[in-house]
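Inspection log for the structure reproduced underneath, given as structure tokens.
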Amino acid sequence: MKPMLNIALPKGRLGEKVYAMFEKAGFGCPSILEESRKLIFENAEAGVRYFWVKPSDVAIYVERGAADIGVAGKDILLEYTPDVYELLDLKLGKCSMCVAAKKGFSDDRNRTLTVATKFTNIAKAHYAAEGRDIDIIHLNGSIEIAPILGLSDVIVDIVETGTTLKENDLEVVERFVPISARLIANKSGFKFKTERIEQLRKSLAKLVEEI
Ligand code: PRP
């Protein structure tokens, strides 16, 4: 019997693409494709168990060892700096971390800039590197509303297609970090299951080259 590999996948469209890659890499679990509200799926023969978790929670499951490996966005890894190994860039879910503002916004550097974001640590580090004084407003979602209602001057958020900004009359001021999905591993899980995890990483790396 192969040792069971516990894998946390981000629920949603990205997770489905990621699962398709894992399946091609030889780590399939057919029951995951059945319509259901279940969150845990196992293929005992292949020695894999998958969990669907909220994308921003994947790194927590992996860091604490509830999952051996998982797939998390680089945005989450930069924001929360979990103590995990980052094994591979899957080149899926590509987007950018951006500063955005109302069209025509110009920054008065004599004033403190108010920044609304879900990514407090990323935003602080970005402006600290520029030596810019900011006042951070932490929001949990729908960040684009903040500059429209005058809650903040700018937002720091991920932009994928740019549609959300466009439809809310906002524009990108600066793109500063490229983001994509990363394969991550729990540090002790990696030690005990190195061979299987490395086998998966190598197969996925080949598939990434083909994208
Ligand atoms: C993310 C992000 C933007 C949007 C960008 O939001 O926060 O709002 O996607 O995508 P686009 O450039 O393709 O329009 P998410 O869907 O995660 O929802 P949220 O409002 O909860 O942040």
Side-chain angles (χ1 to χ4, degrees), residues 7-22 32 37 39 50-63 67 70-82 84 86 89-107 113-130 132 134-184 208 211:
I7 307 171
L9 290 182
K11 228 194 299 187
R13 226 163 10 110
L14 173 66
E16 284 163 22
K17 284 190 196 161
V18 169
Y19 172 72
M21 277 182 86
F22 278 57
I32 207 169
R37 300 283 294 168
L39 298 171
Y50 285 96
F51 322 124
W52 286 129
V53 306
K54 205 176 145 101
S56 50
D57 289 341
V58 168
I60 299 173
Y61 284 84
V62 174
E63 182 179 34
V71 172
K74 184 68 182 174
D75 51 337
I76 300 297
L77 302 179
L78 289 170
E79 179 64 21
Y80 299 106
T81 56
V84 296
E86 189 181 314
D89 182 352
L90 295 173
K91 310 243 169 104
L92 292 176
K94 282 190 185 173
C95 51
S96 317
M97 189 61 66
C98 292
V99 176
K102 280 205 282 193
K103 279 188 184 149
F105 169 78
S106 92
D107 185 7
L113 185 74
T114 54
V115 182
T117 187
K118 270 191 286 201
F119 302 101
T120 311
N121 294 325
I122 293 175
K124 279 186 190 159
H126 173 66
Y127 284 105
E130 289 186 354
R132 181 78 172 93
I134 60 163
D135 181 13
I136 287 262
I137 300 168
H138 183 267
L139 297 177
N140 294 299
S142 301
I143 318 294
E144 290 82 1
I145 294 177
I148 299 169
L149 298 183
L151 181 66
S152 72
D153 297 315
V154 299
I155 61 172
V156 166
D157 202 5
I158 47 176
V159 175
E160 190 182 353
T161 60
T163 311
T164 314
L165 291 183
K166 201 168 161 213
E167 294 194 356
N168 290 290
D169 291 323
L170 302 178
E171 63 186 7
V172 171
V173 174
E174 191 183 358
R175 279 176 199 272
F176 63 96
V177 194
I179 304 291
S180 56
R182 308 296 161 99
L183 176 68
I184 57 173
V208 169
I211 291 178

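One-based numbering, in listed order, for ligands and for the atoms of each.
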Side-chain contact test, heavy atoms from C-beta onward, threshold under 4.5 Å: evaluate it for [X] versus [Y] and give yes or no.
| X | Y | result |
| --- | --- | --- |
| F119 | L78 | no |
| H126 | E174 | yes |
| N168 | I145 | no |

**OP:** For E171 and G104, indicate whether the former's side chain and the latter's backbone hold a donor-acceptor pair under 3.5 Å.
**Re:** yes
**OP:** Using atom types as modelled and distance alone, determine if a side-chain donor or acceptor of E79 lies under 3.5 Å from a backbone N or O of I122.
**Re:** yes
Original post:
Looking only at distance, does G162 have an N or O less than 3.5 Å from an N or O of ligand 1?
Top reply: yes
Original post:
Taking both backbone and side-chain atoms of T164, is any N or O found less than 3.5 Å from an N or O belonging to ligand 1?
Top reply: yes
Protein contact to [atom] [nearest heavy atom, distance to 0.1 Å]:
| atom | answer |
| --- | --- |
| atom 8 (O) of ligand 1 | E144 OE2, 2.6 Å |
| atom 21 (O) of ligand 1 | G141 CA, 3.8 Å |
| atom 6 (O) of ligand 1 | K118 NZ, 4.6 Å |

Original post:
Are any of the protein's heavy atoms under 4.0 angstrom from atom 11 (P) of ligand 1, yes or no?
Top reply: yes
Original post:
Any non-hydrogen protein atom below 4.0 Å of atom 15 (P) of ligand 1?
Top reply: no
I'd like to check which ligand 1 atoms, numbered from 1 as shown, lie under 4.0 Å from a non-hydrogen atom of [X].
| X | result |
| --- | --- |
| I158 | 2 (C), 3 (C), 5 (C) |
| V159 | 12 (O) |
| S142 | 19 (P), 20 (O) |
| D157 | 2 (C), 3 (C), 7 (O), 8 (O) |

Subject >> Heavy-atom nearest option to atom 13 (O) of ligand 1, drawn from D75, T117, I155, T161 >> reply: T161
**OP:** Decide yes or no on side chain to side chain donor-acceptor pair (under 3.5 Å) for D153 and T114, but give the supporting numbers first.
**Re:** CA-CA 5 Å; D153 297 315; T114 54; 3.1 Å; yes
Subject >> Atom OH of Y61: over 12 foreign heavy atoms under 6.0 Å >> reply: no
**OP:** Give a yes/no on ligand 1: does K166 have at least one heavy atom closer than 4.0 angstrom to it?
**Re:** no
Subject >> Note: K118-D75 ion pair, threshold 4.0 Å (strictly below) >> reply: no
**OP:** Sort out for me which residue in L139, L165, V99 forms a side chain to side chain contact (heavy atoms under 4.5 Å, CB included) with I155.
**Re:** L165
